Amino acid sequence: MESHVVVIFPHPDDEAFGAAGTITHFREQGVPVTYLCGTLGEMGRNMGNPTFATRESLPHFRKEELIAACDVLDIDLHMLGYRDKTLEFESKDEIATNLLTYLEALEPSLVITHYPGHAVHPDHNAFGAATIEAIKRMEISKRPKVWAQAITNTRFEDLGQPDVSLDITPYFTKKFETILAHQSQAAGVLGDMDPSIEKLADIIKTKLSTEQFYTWHF
Ligand SMILES: [Zn+2]
């Protein structure tokens with residue numbers, strides 16, 4: 001049984017699409033979960049469907065959506081305040097130092113992050129790499145386990161089968177509610193131009209019914 005799970009991703013909605021089922025699995029066991037969210041996703045292209053956000057108002061909406069999603073999941077949230085789409089240009093060393101402060105305070109038994117180099121978006125890769133770097137700096141006896149999420153199409157060829165695979169069907173409702181909390185993103189990310197609730201539910205059921213991770217070996 002885990003004592004505390006810390007999820008470290010750069011964008012509001014990474015937790016929803018990538019880990020909401022896994023998070024619910026832990027919350028149902030009474031395990032505390034904390035989300036360290038790197039940015040407010042303020043440079044995102046999705047502005048709602050139908051459109052309701054503008055470039056100026058997007059950060060406000062995404063912050064509210066992130067808070068709502070974390071309420072649905074019943075988890076703690078820290079917004080780290082980095083700028084969206086710039087994490088690859090930040091110093092990995094400095095981000096790692098910042099993350100380490102949180103990890104030393106929270107003392108997680110498990111950290112969930114992106115698999116550096118296999119997570120498609122440069123922010124995902126950079127934040128995953130900084131997370132691994134932060135944990136490397138911890139004493140071996142104090143290091144949490146790390147589950148790294150790869151999302152490239154070639155992940156199975158490149159990395160083999162993930163050793164952690166959760167069927168999240170039992171947690172579907174929570175995952176769906178968490179994704180819908182990200183109102184400005186849900187339809188756009190799921191690739192549906194004409195979203196009905198039923199259609200979105202179908203896409204999530206067929207495409208996002210498992211959440212998979214690779215245990216990181218230091
Ligand atoms: Zn993302």
Side-chain angles (χ1 to χ4, degrees), residues 5-23 33-49 53 55 58-70 72-73 75 77-90 92 95-96 98-99 102 111-134 146-155 159 162 168 175-192 200 203-204 207-208 210-214 216:
V5 176
V6 172
V7 178
I8 306 180
F9 289 138
H11 306 125
D13 80 8
D14 290 332
E15 85 300 344
F17 291 103
T22 306
I23 291 168
V33 177
T34 301
Y35 185 22
L36 305 183
C37 186
T39 78
L40 290 179
E42 67 271 19
M43 298 303 286
R45 281 171 294 134
N46 295 311
M47 300 282 174
N49 187 355
R55 178 58 60 213
L58 190 64
H60 162 77
F61 282 115
R62 295 205 70 177
K63 183 175 176 180
E64 296 302 313
E65 291 168 359
L66 174 61
I67 292 168
C70 291
V72 171
L73 290 169
I75 62 176
L77 167 68
H78 294 281
M79 293 178 268
L80 272 50
Y82 292 103
R83 288 184 54 191
D84 190 25
K85 293 205 173 152
T86 66
L87 285 169
E88 64 184 308
F89 308 113
E90 299 272 342
K92 180 170 97 172
I95 299 176
N98 188 21
L99 291 174
Y102 285 96
V111 166
I112 293 175
T113 191
H114 283 122
Y115 199 120
H118 298 273
V120 178
H121 191 300
D123 278 352
H124 296 172
N125 287 325
F127 220 44
T131 300
I132 301 292
E133 173 62 26
V146 177
W147 288 358
Q149 185 160 60
I151 50 183
T152 51
N153 290 330
T154 59
R155 62 191 181 278
L159 302 169
I168 61 106
K175 177 149 183 164
F176 191 39
E177 284 174 17
T178 308
I179 289 174
L180 289 186
H182 294 283
Q183 272 183 49
S184 66
Q185 306 301 304
V189 173
L190 294 172
D192 200 299
L200 294 181
I203 297 171
I204 295 166
K207 290 195 182 161
L208 302 174
T210 57
E211 292 174 359
Q212 299 185 316
F213 309 92
Y214 294 83
W216 189 267

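Every number for a ligand or one of its atoms is a count from 1 in the order of the listing. Since the structure is predicted, the reported quantities are computational estimates derived from the model, not experimental observations.
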Step by step, would you call Val189 with His182 a side-chain contact (heavy atoms from CB on, under 4.5 Å)? CA-CA 10 Å; Val189 173; His182 294 283; over 6 Å; no
Check His11 and report its N/O/S atom nearest to the Zn ion (ligand 1), by atom name.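 Nearest N/O/S atom of His11: ND1.
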Of all the N, O or S atoms in Asp14, which one sits nearest to the Zn ion (ligand 1)?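 This turns out to be OD1.
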Specify whether an N/O/S atom of Asp123 falls short of 2.8 Å from the Zn ion (ligand 1). no
The Zn ion (ligand 1) to nearest N/O/S of His124 less than 2.8 Å: yes
Distance, nearest 0.5 Å, that separates CG of Leu159 from CD of Gln212: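 Leu159 CG to Gln212 CD: 11.5 Å, rounded to 0.5 Å.
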Do you know the tightest heavy-atom contact between Thr113 and Ile8?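 The answer is OG1-O, 3.0 Å.
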Does the ring pair (Phe, Tyr, Trp, His ring centres under 6.0 Å) test come out yes or no for His114 and His121, once each step is laid out? CA-CA 10 Å; His114 283 122; His121 191 300; 8.9 Å; no
